[in-house]
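First up is the structure itself, then whatever we jot down about it.
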There are 2 protein chains.
Amino acid sequence: MKVSIFDVAKKAGLSVVTVSRVLNNAKTVREKNRQKVLQAMKELNYHPNAAARSLAKGKTGVIGVIVTTLQDSFLDTVVQHISSHLKQYSYYLAISVANYPTEVGAGKELIQEDRVDGLLVLAAVHEEDYVNELRRRKIPFVLIDCQNIQPSFSSVLVDNFQGGYEATKHLIDLGHTSIAHIKGSDYFLSAIERERGFRYALSEAGLKPFAVEFGQFTITSGYDAVQKWLQEGSLPTAVFAADDFTAIGVINALTEKGYQVPRDMSVVGYDDQLMFAELRPHLTTMKQPAEQLARHAVDVLMRQINGTNKRNITVRFEPELLIRETTAPVGSY
Amino acid sequence: MKVSIFDVAKKAGLSVVTVSRVLNNAKTVREKNRQKVLQAMKELNYHPNAAARSLAKGKTGVIGVIVTTLQDSFLDTVVQHISSHLKQYSYYLAISVANYPTEVGAGKELIQEDRVDGLLVLAAVHEEDYVNELRRRKIPFVLIDCQNIQPSFSSVLVDNFQGGYEATKHLIDLGHTSIAHIKGSDYFLSAIERERGFRYALSEAGLKPFAVEFGQFTITSGYDAVQKWLQEGSLPTAVFAADDFTAIGVINALTEKGYQVPRDMSVVGYDDQLMFAELRPHLTTMKQPAEQLARHAVDVLMRQINGTNKRNITVRFEPELLIRETTAPVGSY
DNA sequence: TAGAAATAGTGCCACGATATAATAACTTGA
DNA sequence: TCAAGTTATTATATCGTGGCACTATTTCTA
């Protein structure tokens, strides 16, 4: 029923081994025979069985991706790029949605049963234990946008301090002096770093924050901050929000009260979430280089798997400021 | 180095077969011995090798999911539910992001190399050929929210006609008589069905549409429709938007021009996209039962794989109207 | 306590490919 | 033309597990 390598060999009038050679691009096959084999494979519509191959080679051709949620366009984008980039290496993608904090040991089974040759860990939070386990088992892995920046791990991430700094600098350059920040959850290093960048930019300019509000990367965070300021009686002229959700919340609250952005307030977000791309006014935001991140992570992982990697390195990419419609020079209206 | 079933057998003082029996939950193992085996497995931290198992059993324990994009919260949610529901069956998830229309034969390799035991096809558009190929190869599959409703395929979907009908009925019940619809791309059956539901509800009430505008499930679609109406000089009092993005675009355009929702216009969306859940005013929308959909699809697929499924059935779920803040009785302000 | 039923164990092959090492077939040069 | 060297091919063992057909042992039942 099922065509195996034997059938191909028979049809081509050669041995199984020769067929295997062709499959694995071994050099020592006469061109004429190679053609015969290819022809036979085609006619029989033969495709090697992955399980048998894995068993014999000790490699699966599968990469596992551990991700806490798919409900985030930045992560989705990264995953999508990982997927397409892996294809170039003829690798497949197995996804384990971790659902933190319920499942801490996500993807464990993938490793234990030797289902994957390597792992990409996305945006994990408390990954130390997990990662040490991987290390102990000698499973190649690369951390993407994780907090753990131990130099002994392969890791790619985006410079959040720089992002916070640039976003704030942009507002300062527009002449704003009354600038607030709405933080992300302190739980995430990214939030802490962005705040640090914010504070640094201000102090560099000899300014003090109008306010620094708590938030959790949600629309509500931005909405509530504005409510609070209104109740207290005064608004800043500019806000650096820890992410696009927060920024949208800010704009939403302002619009609802009859204020306009950027006339009454300039707002900068973070992430360039696709879903908000079309909302008016178009959001000025910090874009993270998802594709670069994905590509680099995959490349590094592949080198680790092939053993051609010398040492582990943390690579830091720069975010990019996208100036759109929610920021304007102070008092320009 | 690597622990195999032999090591476990040795440690437990039993034969390999008995260990294998324990692994496969065969009945004929004395409880005492089963414990001995489990104990040995634990101590050695043994886990069966997936490749060897697949090869021997002819099953992989992996389900493939074909999806066109991860940038949609409805699909994401479905995938996430699939993932967690599969765990109950001890199955893993391999994802193939199709990127329609570039890659039509997505996931082909998954099948050809016997990497999966079955497939879940999400929201495919022109899947006839693809699906026929699956059928020919006798790969179990279930279509989720696909257009193809041939009764000979297993398929689960949400009743879009009903959704369109209910959304519109809600507006009619609120007293609206000037109701418009902004369509989704005609390309999708879901869009066509929702429009049909819309028209049916109106005609049932003896009403005519204020307008039916073209759209493509985007924020811009909604935004542009409002712009157009404003230019033409009059607005409907209510709008049924083909999806939440469109609805957000409508609200966005209105707010920008100083109109308020629902004071000046009632708006109903479709999908209950998570990302908009916190936006004010909270969107009245049609929620699709993502979890039910995922659960049922997985169950059916499992039954197909186990051969306990008699015949293929199309199951249609009902969407649910979530009345929130963007709809109000006509003239209530 | 015999006999039936449940439980364990043995050994061998299959699964579909690759690795290894031995063998065969070509080249090449003097 | 033939030995030496190189390239191509093949037979066989192997990867880790499950299936099968029996046999051996233990436990339960009447």
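Because the structure is predicted, anything quoted here is derived from the model rather than measured. Letters go in sequence order (proteins before strands), and every chain restarts at 1.
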Quick one: does any side-chain atom of [X] pair with a main-chain N or O of [Y] as donor and acceptor, under 3.5 Å?
X	Y	result
B/D117	B/G61	yes
A/D114	B/N49	no
B/T60	B/R115	yes
B/N160	B/V158	yes

Tell me whether the side-chain N/O atoms of [X] come closer than 4.0 Å to OP1 or OP2 in [N].
X	N	answer
B/R53	D/dG18	yes
A/T28	D/dA8	no
B/N33	C/dT7	no
A/S20	C/dA17	no
B/S15	C/dG9	yes

Discussion item. If the test is side chain to side chain contact (heavy atoms under 4.5 Å, CB included), which one of B/T68, B/L143, B/D145, B/I82 qualifies with B/L122?
Written reply: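 Among the candidates, only B/I82 passes.
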
Between [options], which one does the side chain of [X] approach most closely?
X	options	result
A/R21	D/dG16, C/dA21, C/dT10	C/dA21
B/N24	D/dG18, C/dA17, C/dT10	D/dG18
A/I5	D/dA8, D/dT17, C/dT18	C/dT18
A/L14	C/dA17, D/dG18, D/dT10	D/dT10
A/K57	C/dC26, C/dG16, C/dA19	C/dA19
B/V17	C/dT10, C/dC26, D/dT17	C/dT10

Over how many whole Å does the gap from [X] atom [atom1] to [N] atom [atom2] extend?
X	N	atom1	atom2	value
A/D114	D/dT17	CG	C1'	13 Å
B/D7	D/dT17	CG	C1'	13 Å
B/Q112	C/dG16	CD	C1'	17 Å
B/K59	C/dA14	NZ	P	22 Å
A/Y46	C/dG16	OH	C1'	7 Å
A/R30	C/dT27	CZ	C1'	11 Å
A/N49	C/dA14	CG	P	17 Å

Sugar-phosphate only, base, or nothing, as touched by [X] at under 4.0 Å among non-hydrogen atoms:
X	value
B/F6	base
A/L55	base
A/V29	sugar-phosphate

Item to complete: Assign each of B/K32 and B/A51 to its nearest nucleotide of DNA chain D by heavy atoms, then name whichever residue's nucleotide is nearer the 5' end.
Response: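 Its nearest nucleotide lies further toward 5', so the answer is B/A51.
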
Discussion item. Would B/V8 and B/V3 count as a side-chain contact (heavy atoms from CB on, under 4.5 Å) here? Give the steps.
Written reply: CA-CA 8 Å; B/V8 177; B/V3 283; 5.7 Å; no

Fill in: Residue closer to the 5' end of DNA chain C, B/R34 versus B/A56 (nearest nucleotide)
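So the residue in question is B/R34.
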
